[in-house]
Amino acid sequence: MLILLAFIIVFHITSAALLFISTIDNAWWVGENFSTDVWRVCSTNTSICKAITDQFREYQSIQAVQAAMILSTIFCCVGFLVFILQLFRLKQGERFVLTSIIQLLSCLCVMIAASIYTDRHEELHKSSGYMAEVSEGQYGYSFVLAWIAFAFTLISGVMYLVLRKRK
């Protein structure tokens, strides 16, 4: 039982780390001389970064991605705290339903963010506000980590739903 508990905790912390990295790091869309995320666009040649503001085309889509990723990270962290509290408060044989719901909400938010970015990436990168031509890029590792975090939070949400408290 202790090994299972340790695995669940490590799995949850890994999910949170993936969410933090994919939300913060500047690699959602990369090219030869630029990298961009949901916060800013950076030129790798000059090391100059410019914040994405309302002058960019499809700024509302970027704000939706930002909000969903932040919510997902918050839900994942709150879910971990609720899990720790439920370890001490639940009676034997009860399920971790509240933790599961919170983790599945985190899963839903990261899925929404990554889906919006996937759907709108062509329009997002046609803006005249960028310092470099960013339409000729490809998805970066932060974007991939967001989808991996989706899978991890989905698995852990289902795992908490199935899990019962034992001695």
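In what follows, every heavy atom counts, from backbone to side chain, and hydrogens, waters and symmetry copies are set aside.
Val162 and Arg95 make their closest contact through O-NH1, 2.6 Å (heavy atoms, listed as atom of the first residue, atom of the second, distance). When all heavy atoms of Ile62 and Val38 are compared, the closest pair comes out as CG2-O, 3.3 Å. Contact between Ala149 and Leu19 at its shortest, heavy atoms only, is CB-CD2, 3.6 Å. Of all heavy-atom pairs spanning Thr23 and Trp39, the tightest one is O-NE1, 2.8 Å. Across Gly157 and Ser100, no two heavy atoms sit closer than the pair O-OG, 2.7 Å. Of all heavy-atom pairs between Val110 and Ser72, the closest is CB-OG, 3.4 Å.
Counting heavy atoms from C-beta outward, Ile155 and Phe11 have side chains that approach closer than 4.5 Å. Side-chain contact between Leu161 and Ile101 is absent, with no heavy atoms from C-beta onward closer than 4.5 Å. Counting heavy atoms from C-beta outward, Ile52 and Tyr59 have side chains that approach closer than 4.5 Å. Between Phe96 and Leu87, the closest side-chain pair of non-hydrogen atoms falls below 4.5 Å.
In this view, Tyr139 and Trp29, His121, Phe143 satisfy the ring pair (Phe, Tyr, Trp, His ring centres under 6.0 Å) rule, not counting sequence neighbours. Residues meeting the ring pair (Phe, Tyr, Trp, His ring centres under 6.0 Å) test with Tyr141, sequence neighbours left out: none. For Tyr160, the ring pair (Phe, Tyr, Trp, His ring centres under 6.0 Å) partners two or more places apart in sequence, or in a different chain, are His12, Phe83.
Hydrophobic clustering of Ile, Leu, Val, Met, Phe, Trp and Tyr side chains at less than 4.5 Å, counting indirect connections, keeps Met159 apart from Leu81. When the side chains of ILVMFWY residues are joined at heavy-atom separations under 4.5 Å, either directly or via intervening members, Leu85 and Phe88 end up in two distinct hydrophobic clusters. Hydrophobic clustering, with ILVMFWY side chains joined whenever heavy atoms are under 4.5 angstrom apart, keeps Leu145 apart from Ile24. By the rule that hydrophobic residues join a cluster once side-chain heavy atoms approach within less than 4.5 Å of another member, Val65 and Leu105 end up as members of one cluster.
In this structure, a donor-acceptor pair under 3.5 Å is absent between the side chains of Gln103 and Thr153.
Tested against Val78, the residues Thr99, Ile102, Thr73 include a single side chain to side chain contact (heavy atoms under 4.5 Å, CB included) partner, Ile102.
In this structure, CE on Met69 lies 10.5 Å from CG on Asp37, to the nearest 0.5 angstrom. Ile112 contributes atom CD1, which lies 9.5 Å from atom SG of Cys107 (distance to the nearest 0.5 angstrom). Remark: Leu4 CG to Ile8 CD1 distance equals 4.0 Å, nearest 0.5 Å. Here OG of Ser106 is found 10.5 Å from CZ of Phe150. Values are rounded to the nearest 0.5 Å. Atom CG of Leu108 sits about 9.5 Å away from atom OG of Ser115, to the nearest 0.5 Å. Taken from NZ in Lys50 to SG in Cys42, the straight-line distance is 12.0 Å, to the nearest 0.5 Å.
In this structure, the side chain of Ser35 does not engage the main chain of Gly31 through any donor-acceptor pair within 3.5 Å. Judged by distance alone, the side chain of Trp28 and the main-chain N or O of Ser22 form a donor-acceptor pair under 3.5 Å. Arg40 places no side-chain N or O within 3.5 Å of a backbone atom of Asn26 that could act as its donor or acceptor partner.
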**Message:** As a quick check of understanding, evaluate side-chain contact (heavy atoms from CB on, under 4.5 Å) for Phe20 and Cys77, giving each step before the final call.
**Reply:** CA-CA 10 Å; Phe20 272 109; Cys77 293; 3.7 Å; yes
